[in-house]
Amino acid sequence: MAREIAKAYEPQQIEPRWAEYWVKQELFKADPSAPGPVFSIVIPPPNVTGSLHIGHMLEHTEIDILTRWHRMRGYNTLYLPGTDHAGISTQRVVVKQLMDQGIDYQKLGREEFEKRVWAWKAEAGSQITEQMRGIGESCDWSRERFTLSPEMSRVVRKVFVQLYNEGLIYRETRLVNWCPVCLTVLSDLEVNHEERLGHLWYIRYPVAGTEESVVVATTRPETMLGDTAVAVNPEDERYSGLVGKRVVLPLMNREIPIIADSMVDREFGTGAVKITPAHDPNDFEVGKRHGLAEIDVMRDDGRMSGAAGTYAGLDRFEARKKIVEDLKALGLLEKVTDHTHAIGICERSKTIVEPRISTQWFCAMKGLAAPALRAVREWEPGKENTIQIVPDNRRQEFLNWLDNIRDWTISRQLWWGHRIPAWYCGGCEEMIVAEEAPTRCVKCGSGKLRQDPDVLDTWFSSGLWPFSTLGWPEKTADFEKYYPTSLLITGYDILFFWVARMAMLGIHFTGKVPFRAVYLHSLVRTGSGEKMSKSKGTGLDPVALNQQYGTDAMRFCLASMAAPGTDIVLSDDRLAGARNFANKIWNAARFLFLNLDKFEQRGTGIEELASPGVRSGAPYAFEGSVPLVDQWLYSRLTITIETVNEALKNYRFHEAAQDVYQFFWGDFCDWYIEWVKPELQSENRERAVVAWKNLFAAFNDALRLLHPFMPFLTEELWHQLPQAAEAKSIALDPFPTPRTHWTTGGKEIGLMGQFQMMQEVVTALRNIRAEMKLDPKKKMSAELYSFDGVTRDAMERSKDGIVRLASLSLLTISSKPLEQAGGAVRSTAAFDVRIAYSDAVDGEAEKTRLKKEIEGLQKAISSKESQLGNETFRSRAPEKIIRGLEATLADQRIELQKLRERLAELERHR
RNA sequence: AGGCUCGUAGCUCAGUUGGUUAGAGCGCCACCUUGACACGGUGGAGGUCUGGGGUUCGAGUCCCCACGAGCCUACCA
């Protein structure tokens, strides 16, 4: 039966079929009772509102490569998928959607709103997981989790209550980060600091009952309405007479004291600072020290409050303008200067964050951080219950941050999230914290209980992810088998948000680290080097690109650029290169299929040619020995398998990808296939069959080697090749293992070296043809000389191959040096080749080439000579280096000698 | 303010403990519609590793300084 296969690879025709097959067949369902070492990984749950962006594509590619690689190597593998309820962003999305329908969510009420969000989630929340299926991620979909599911909620409540009972969660009134747009408190991490150009306003405050005054400098004049003091440094003689006196607060006509506090920097501004405890973190501390009143002049939406007098109701920025104008009119504005300072921005709404006094829930961090710190600090290979962080420089960042950690604000004023399990008694104001809703007050017995309206920071539930998803607190089979997870792959931008919190909570609650290693992947940047951003429209849509180039190409491209610690700049050129690679493999397969057809036409059956036994038995011998080209190719294969394993073990995806690429394209296609072509057609049936079997087995290994990187293409081709009857997927086939009998025994290097010399001969001959502009169609005869009998014998055996690949008509191998006259010569230390021809030689070009080469060699030789002539070098350098240097020098001297003779020859015949 | 990273071929980047003429992809030049592949084949050109100093027998690789780019942390009004 002739096989139909398209001339070019068309991923669009193939990918959806396999994506569906993998999910339907449940190929990647984990079995905790199965044997083998464990590899488990949980997904960093993407936002349910989200769609796959390029960062996910990179992250998921890396996860899937390592997952498939481990699975093929016989690990009991779990890749657990899921999504995050993403409090603020999901709420924002649904609020906006309702607004578009003319519905005010506040009026809808909390319960109804929550229903709408769940409805929305049911309808649209599976977009990203569908996309994940589409790109072929080898997840166990039967274990998909959602951070706000009832099961996860139970875990959240249990954890909250325990932390509360341990005194690690507490409720307190203090100055927090408030977003006037999101209308919720934020944690420190959700506030980004940006340098912005602002102003410093110098405002004169008259001292009460005198003609004196004090000038204060501020970046936020609107907060002056809430001033409750002016502070100076106690050491500052300029103001020593004023401390204890009172100033009249302009615009408000309120008298406030002048106090002394060492926090005031005498050098900054005027050395006198207004104190607004309700609106500035520093001032809040000063206020506490001095027992000052806290006057909140702003509402939660950023407008001025009733306490702001005539400015009440104005937006904070309008109020600023108005206040500055009014001060100017009163002659109290001394001057205004430009001033650059860091300003807090809400990472969601991008508005300026307002420090605000508020009662919130906090989680004490110091005690939780210490064991996490130790787990990371004490990591070393193989050490139990420690965490490796890769790349290494992030580890230091992690330790620094945890060292200086501050308490975490965990409550949020949202409706979408895990509601805080705290109830307040309407009778006695007692607070009850419990896993299940209490029916009456434990203190006064009242049944009038209301639950705390706030929800928990989304990262609180994400922090439990590695164990909550595996069934904790029950001792489930999954938890026992797959926890701690083997590895976490995520972006460094959430190292603190997420990784640190998982480490802390994981150790605290399970006594074990949640993951043995964390690999922090790179960021994908645009062509101009910027961080990709949807809002700026600079983001690339991976789904569209996958459509255009193929998911395999995208995966391979990302992997080949994913060097640890280096950001990735993705380009069309690069993607096209990966697509071309996929096409190359496709066509190599096409070549195999065409040959298989020919064999079948000639009556050799598929059973003989491609039984599973054929693959493990290769390489096969012909007439008693394995052909040189097979010895070489299988050695290269072994080396490639080893380097790929080593690279993936160390998260060096780019190296692994590069090695596979080089092997498949450079070795397998460019040399091996070309070399064995005539042998596949050999009249000698045994010769042809051996060639086929070796080709087929090597290709099979190469496909499996490539599978973690390009799952679709390799699955497709694997199924088109003959497989064992019960085989379902290449993903379940073993990863190739080194064919050790071809790398041990010390023979291998010699054999590889022999074939490499053939390659050098062929390249030298091709070089002559190209440089001398010989007609490519015209077959020429050539001569080869080597002083070494072993080399000559090897050449003799490989003669047919050389003749074919260098387009010769005849190759003569001689034990006598070549005649100097006529044609063009190329030399290495080991051999000389010449193509004889009668046309006029472009002597000048050849001379220039020779001179250049001579110059380069001379430089290399003299540097080696001086190094080897140096006694200190000889006494201190390792023996291996010295001997290597000497051997190279000897070769180079021979080459130089030959080049000089050749040049002299040309000059004689000018 | 503190900490960190980077600066290698026209472009994007590799280069693991310092060691033999510094690599890849893309781009470029020349030739080739050869029976797997023009999403291809063959051959080739092109860097002295930002600059300066130092350690060393030996430095792209280690140290210091300068210049340039970026990241993280941070309550100086």
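Residue numbers begin at 1 in each chain, while the letters A, B, ... track the order of the sequences.
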Worksheet item: If the C1' atom of B/A74 is compared with that of B/G58, how far apart are they to the nearest Å?
Response: 44 Å
Item to complete: Identify which nucleotide among B/U21, B/U42, B/A77 has an atom closest to any side-chain atom of A/E895, counting heavy atoms from C-beta outward.
Response: B/U21
Worksheet item: Taking OP1 and OP2 of B/C75, is either one under 4.0 Å from a side-chain nitrogen or oxygen of A/H193?
Response: yes
Discussion item. Please confirm whether the ring centroid of A/F653 lies under 6.0 Å from the ring centroid of A/Y519.
Written reply: yes
Discussion item. Taking any heavy-atom pair under 4.0 Å as a contact, classify A/I673: base, sugar-phosphate, or nothing.
Written reply: base
Discussion item. Rounding to an integer number of angstrom, what distance separates B/G51 and B/G68 when you compare their P atoms?
Written reply: 16 Å
Practice prompt. Take atom P in B/G47 and the same atom in B/A22, then report the distance between them in whole Å.
Written response: 12 Å
Discussion item. I'd like to know if A/E397 reaches the base of B/U73 with its side chain, counting only an N/O donor and acceptor under 3.5 Å.
Written reply: no
Worksheet item: For the pair made of CD in A/E655 and P in B/A14, what is the distance, rounded to whole Å?
Response: 11 Å
Worksheet, complete the sentence: Side-chain contact check for A/R652: nearest option of B/A14, B/G15, B/U21 is B/G15
Worksheet item: If you measure from the P atom in B/U16 to the same atom in B/C11, how many Å do you get, rounded?
Response: 23 Å
Discussion item. Should the side chain of A/D573 and the base of B/C26 be counted as holding a donor-acceptor pair, with the cut-off at 3.5 Å?
Written reply: no
Discussion item. Any N or O donor-acceptor pair under 3.5 Å from the base of B/C37 to the side chain of A/K584?
Written reply: yes
